[in-house]
A.B. asks: 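Structure in structure tokens, see below.
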Protein chains: 2
Amino acid sequence: MSTDTTGAAPARPLVMSDVAARAGVSHQTVSRVVNGHPNVAPRTRERVQQAIAELGYRPNAAARALVTGSSRTIGLITIDVDQYGPAQTMIGLEQAARAAGYSLSVAILDRAGGLTIAEAVDRFVAQSVDAVVVHTAELQALEALEQVDPPVPLVAVQMGGEGHGSTVTVGQEAGAALAVDHLLELGHTTVHHLAGPSYSVEARRRIQGWRTALARAGAPAGELWLGDWWPSSGHAAGTDLAQRIRAGEPITAVFAGNDQMALGLMVALHEQGISVPGDVSVVGFDDVPEAPYFSPPLTTVRQDFAELGRRGVELVLARIGGEDGGSDLVEPRLLVRSSTGPARS
Amino acid sequence: MSTDTTGAAPARPLVMSDVAARAGVSHQTVSRVVNGHPNVAPRTRERVQQAIAELGYRPNAAARALVTGSSRTIGLITIDVDQYGPAQTMIGLEQAARAAGYSLSVAILDRAGGLTIAEAVDRFVAQSVDAVVVHTAELQALEALEQVDPPVPLVAVQMGGEGHGSTVTVGQEAGAALAVDHLLELGHTTVHHLAGPSYSVEARRRIQGWRTALARAGAPAGELWLGDWWPSSGHAAGTDLAQRIRAGEPITAVFAGNDQMALGLMVALHEQGISVPGDVSVVGFDDVPEAPYFSPPLTTVRQDFAELGRRGVELVLARIGGEDGGSDLVEPRLLVRSSTGPARS
DNA sequence: GTCGCACATGTTAGCGCTAACAAAGGTGGT
DNA sequence: ACCACCTTTGTTAGCGCTAACATGTGCGAC
């Protein structure tokens, strides 16, 4: 319907020589100004900058990428961005990347296998990205990652194990230990664990941290259930738990692998007439924004996801700059609210 | 035969003429095969495809973008991806885009003003994106959008008003009406509304829908409070509300602008000894995954965010293909759970 | 005054690809 | 047999930019 020639929008996109013509210099001088090259006379630089501003010129990224081999773009491979943690991490990543002058290209894996890690890396390489950041805790995906050897830096964020390339990770074991120690200090004999799914490396690390903390304190081993991160699996576990408690089993403390499962768990317990924290204390993991408004407000382990993203970019930049960039760790923190209390004597 | 096939990372990236040499054709023939050009002899095509497979060749996206002016990339400008809706929408968008052979480049706005819409669009244009999708309900951002006239299709997703270019939107008024009518049918005299912040176009549309539905039913106008989408603002509103109820005000039904505020509201009510739905019925908006596990399980209006993303891509593709692509609407749906009940007589 | 050298600017080539045109080979109609 | 015409393939140019080299200019050292 509308023809796109409304004064401001030029029919032919502006190129460097348009700016050059206007400033009365060669296109190469414009290039030097654009790239902050030192050997340009101040007056010339000013004229060029003015011409750029007047024309509203932006250099063509594709041409730049072609000649330099770098697109000033970082590729992010992620999963489950509809969950709080991955979404926060992505925000931290994007903002840090942008602050450093990089754009973010995103590929979202799905559990249905629509896109494999190798394909995603491949695509990014063809796009001339300067680095790839992988954010997933999927065991399978991480194993696949080992096979990939891209010609650009690859950094993993939040992965549990030590993998190919650089890694930023939250101290999952430390976080689990925080939860367990808190519960033990409140006088609970042992702590049971409702873990995330087995394909998740994070879930495994938390299980490991839980076991270790229990052992270190000399407490008897607790029981382990597996959920799928979602509230419904917490609810199922809670229903089962409640029946066993009413049957007389001495279960008084549960550490849930994330806040959403803790929510489902507490709701099920409540439905079955079990009091939290009166009868059972519950600790979550993540500290989602809703956690303070659960019933009762949830004691949980906070992970600083945005910081994770920022560190990831730092690592990327170090690697792009040729530095080695080893592993980096973000420490979690315990937030005590009202879902935990002293053990019933 | 020098068996230096794939295996190790090649020192020099593969280019089209490497493939051409291996297949014994010219680079242009390779280009034709890669782009599915019709006039290539079947045998030749096969040989070339085999060479591509053996070498693991991927065309350089920057060179392609430079010569064609298209990078097969869609730029997404979004905000609040840490909230459920925007994150889901992004997932729908990314998957539909990838299915159509496009990549997604992401810019995340922040309320602090780190990046303006105009800058983001500008950046994307310099990146030769084929289209820009804007996903925000920020009034300010949408106004700024009116000033922008990019040389590529721009489609807005979820915006309330009719703006420049194409639009996909959820029927906000219809959703609000769903909530109000449900409450009215249960016998409540009127419905009060805890709305989202005033800068949000969505919040405004829901307010409008709420008012209209009330008026249409001949119900007296309800009271309006403004929150900020987060649970804490719902909690504050709920605390205030509870006191007024205990003072005798006849408040029995509240429609919250989103589920998180509904959560905060219900918790505050509960803390103050007001029963939901016994004393007050509450309806949310969004249907986050936690909603069935709130206390009580929340009656809410579901928005299909992933579908929104998919439709957005459809619209984009239509626009890229030169079609007009008008507005498109996704209809919300009411999910009745346990936070609503008949009015107390 | 003349040389040397640093700085400022211009000129040229080429990144890897696609588009346009050119050339070669095959087919059928007369 | 010839030519018209289609299909298949190759050759060339150029997208917009940066890197490398070439040229021009000014100024201090001798």
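In the text below, chain A, chain B and the rest are named by the order of the sequence lines, each starting its count at 1.
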A.B. asks: Round to a whole Å and report the spacing from CZ of B:R47 to P of D:dT8.
C.D. replies: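 Rounded to the whole Å, the gap is 14 Å.
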A.B. asks: Quiz question: by atom type and distance under 3.5 Å, do the side chains of B:Q127 and B:T73 form a donor-acceptor pair?
C.D. replies: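 Per modelled atom types, B:Q127 and B:T73 side chains form no pair under 3.5 Å.
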A.B. asks: Salt bridge or not between B:E307 and B:R311? Use side-chain N to carboxylate O under 4.0 Å.
C.D. replies: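 A salt bridge is present here (some side-chain N lies under 4.0 Å from a carboxylate O).
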A.B. asks: Counting just side-chain N and O atoms, does B:T44 come under 4.0 Å of either OP1 or OP2 of D:dT9?
C.D. replies: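 Yes, such a contact exists.
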A.B. asks: Assess the side chains of B:Q50 and B:E46: does a donor N or O sit below 3.5 Å from an acceptor N or O?
C.D. replies: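 Looking only at side-chain atoms, B:E46 and B:Q50 do not form any donor-acceptor pair under 3.5 Å.
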A.B. asks: Between A:R310 and A:E314, does any side-chain N to carboxylate O distance fall below 4.0 Å?
C.D. replies: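 Salt bridge flag = no for A:E314 with A:R310.
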A.B. asks: Does the protein touch nucleotides 16-22 of chain D at the base, only the backbone, or not at all? Give it as B, S and - per nucleotide, heavy atoms under 4.0 Å.
C.D. replies: BSBBB--
A.B. asks: Taking five pairs at each end, how big is the angle between the two axes of the helix from C:dG1-D:dC30 to C:dT30-D:dA1, to 10°?
C.D. replies: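 Rounded value for the end-axis angle: 50°.
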A.B. asks: Once you round it to whole Å, what is the distance between P of D:dC5 and CG of B:N39?
C.D. replies: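 So the two atoms are 17 Å apart, to the nearest Å.
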A.B. asks: Answer yes or no: is there an ion pair linking B:R72 with B:D130, defined by an N-O contact shorter than 4.0 Å?
C.D. replies: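 Looking at B:R72 and B:D130, the cut-off is not met.
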A.B. asks: So what does B:S26 touch, heavy atoms closer than 4.0 Å: a base, only the sugar-phosphate, or nothing?
C.D. replies: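 Contact class for B:S26: base.
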A.B. asks: Quickly work out the B:H37 NE2 to D:dT7 C1' distance and round it to whole Å.
C.D. replies: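 B:H37 atom NE2 is separated from D:dT7 atom C1' by 10 Å.
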A.B. asks: How far apart are the closest heavy atoms of A:Y57 and A:V15, and which atoms are they?
C.D. replies: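 Between these two residues, the closest heavy atoms are CE1-C, 3.6 Å.
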A.B. asks: May I ask you to say whether B:E94 pairs ionically with B:R98, meaning some side-chain N is under 4.0 Å from a carboxylate O?
C.D. replies: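 The answer is yes: the pair qualifies as a salt bridge.
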A.B. asks: With a 4.5 Å cut-off on side-chain heavy atoms, are A:S200 and A:E138 touching?
C.D. replies: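 A:E138 does not reach A:S200 side chain to side chain.
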